[in-house]
Amino acid sequence: LGMFSEVKFPVPWGHVAAKAWGPPEGHPVLCLHGWLDNANTFDRLIPLLPRDCRYVAMDFSGHGLSSHRPAGSPYHFLDYVSDVRRVAAALQWRRFTLMGHSMGGSVAGMFCFLYPEMVDKLILLENLGFLLAPEDTEAWLKSKRMVIDRLLSLEARQQTPKAHSPEAALQRLLEANRHLTAEGGAILLQRGATETPAG
């Protein structure tokens, strides 16, 4: 297991880089590094682990060989959870083991809360996981999972924007914002729409 391959997964701002060890058909294990670390965190550990697993150690966005998010964008834990979801989707892993060190353990714990059906085991190295107050759990999980799922759904469907005539664009704006007058909508569209050759 000392030999590894480099892997890249496309994301809207570039790519998420990762290292992979073990047979591609092996039991999937996604490894998450700690704060200001990278996938090399697992270089000495992976060779000591069972050889029948497929280990993928990802670099979180802005770490290691992964692309940074656009300048001025914050790095929130939920964004790291979204990155884990993106990588799992790219790997086509429906159920896998999560192994997280330090901050990666917190991200893994949050992922387990949001997507328990996707995780068969959780391994935490120097971390307590992710804790919520019992009264907040259900509403928090529902809202955060919805945010991630919608974001990834939008990214998957990303396509060239449809062109509309100025009249049709105004009509769509007014239908979605019933409080606007036609005059107010036209004022917003002056700055909120872009003319293209198609419309």
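In this structure the side chain of Leu114 never reaches within 4.5 angstrom of the side chain of Val147, judged on heavy atoms. Counting heavy atoms from C-beta on, the side chains of Val119 and Arg95 never come closer than 4.5 Å. Residues Val29 and Val56 fail the side-chain proximity criterion, which asks for heavy atoms closer than 4.5 Å. With contacts defined as side-chain heavy-atom distances shorter than 4.5 Å, the pair Tyr55/Lys19 does not qualify. Counting only heavy atoms from C-beta outward, the side chains of Leu91 and Phe9 approach each other to under 4.5 Å. Counting only heavy atoms from C-beta outward, the side chains of Ile46 and Cys31 approach each other to under 4.5 Å. Put simply, the side chain of Leu30 reaches to within 4.5 Å of the side chain of Val87, judged on heavy atoms. No side-chain heavy atom of Asp52 sits less than 4.5 Å from a side-chain heavy atom of His27.
Distance check: Asp79 CG to Ser61 OG gives 8.0 Å after rounding to the nearest 0.5 Å. Taken from CG in Leu45 to CE in Met99, the straight-line distance is 5.0 Å, to the nearest 0.5 Å. Note: Glu175 CD to Leu170 CG = 10.0 Å, rounded to the nearest 0.5 Å. Between the OG atom in Ser106 and the CZ atom in Phe111 there is a gap of 15.0 Å [rounded to 0.5 Å]. Rounded to the nearest 0.5 Å, atoms CD1 (Ile148) and CG (Leu78) are 4.0 Å apart. Atom CG of residue Leu125 and atom CZ of residue Phe42 lie 6.5 Å apart, to the nearest 0.5 angstrom.
Ring orientation note: the planes of Trp21 and Phe4 are tilted relative to one another, at an angle of 30° to 60°.
A donor-acceptor contact shorter than 3.5 Å is absent between the side chain of Asp149 and the backbone of Met146. Between the side chain of Arg54 and the backbone N or O of Glu25 there is no donor-acceptor pair closer than 3.5 Å. When atom types are taken as modelled, the side chain of Tyr75 and the backbone of Arg69 share a donor-acceptor pair closer than 3.5 angstrom. In this structure, the side chain of Asn177 does not engage the main chain of His179 through any donor-acceptor pair within 3.5 Å. Panel note: side chain His164, backbone Gln171; no donor-acceptor pair is recorded below 3.5 Å.
Closest approach of Asp37 and His63 over heavy atoms only: O-CD2, 3.3 Å. The shortest heavy-atom contact between Pro12 and Arg86 is CD-NE, 4.3 Å. In this structure, Gly185 and Leu174 approach most closely via the heavy-atom pair CA-CD2, 4.5 Å. Shortest non-hydrogen contact noted between Leu189 and Pro166 is CD1-O, 4.4 Å.
Taking the six-membered ring wherever Trp is involved, the centroid distance between the rings of Phe60 and His33 falls below 6.0 Å.
Sparse packing is recorded around CD of Glu195, with 12 or fewer heavy atoms of other residues, nucleotides or ligands lying under 6.0 Å away. Heavy-atom neighbours of Trp35 CH2 from other residues, nucleotides or ligands within 6.0 Å: at or below the threshold of 12. A 6.0 Å sphere centred on CD of Gln92 holds no more than 12 heavy atoms belonging to other residues, nucleotides or ligands.
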Applying side chain to side chain contact (heavy atoms under 4.5 Å, CB included), run through Phe96 and Lys121 and close with a yes or a no.
CA-CA 7 Å; Phe96 54 94; Lys121 293 181 187 113; over 6 Å; no
Could you go through the side chain to side chain donor-acceptor pair (under 3.5 Å) check for Ser102 and Asn127 one step at a time?
CA-CA 5 Å; Ser102 189; Asn127 187 275; 5.5 Å; no
Between Ser67 and His15, is a side chain to side chain donor-acceptor pair (under 3.5 Å) present by the stated rule, with each step listed?
CA-CA 5 Å; Ser67 300; His15 66 271; 3.3 Å; yes
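Shown here are the side chain to side chain contact (heavy atoms under 4.5 Å, CB included) partners of Ser66, two or more places apart in sequence or in another chain: Val16, Ala17, Asp59. Partners of Ser165 according to the side chain to side chain contact (heavy atoms under 4.5 Å, CB included) rule, which considers only residues two or more places apart in sequence or in another chain, are Glu167, Ala168.
Judged by the 6.0 Å distance and 45° axis criteria, Arg85 is positioned over the aromatic ring of Tyr115.
Met103 and Leu65 sit in two unconnected hydrophobic clusters of ILVMFWY residues. Membership requires side-chain heavy atoms under 4.5 Å apart, directly or through other members.
Other residues sharing the hydrophobic cluster of Ile187, ordered by chain and number and joined by side-chain separations under 4.5 Å: none, the residue standing alone.
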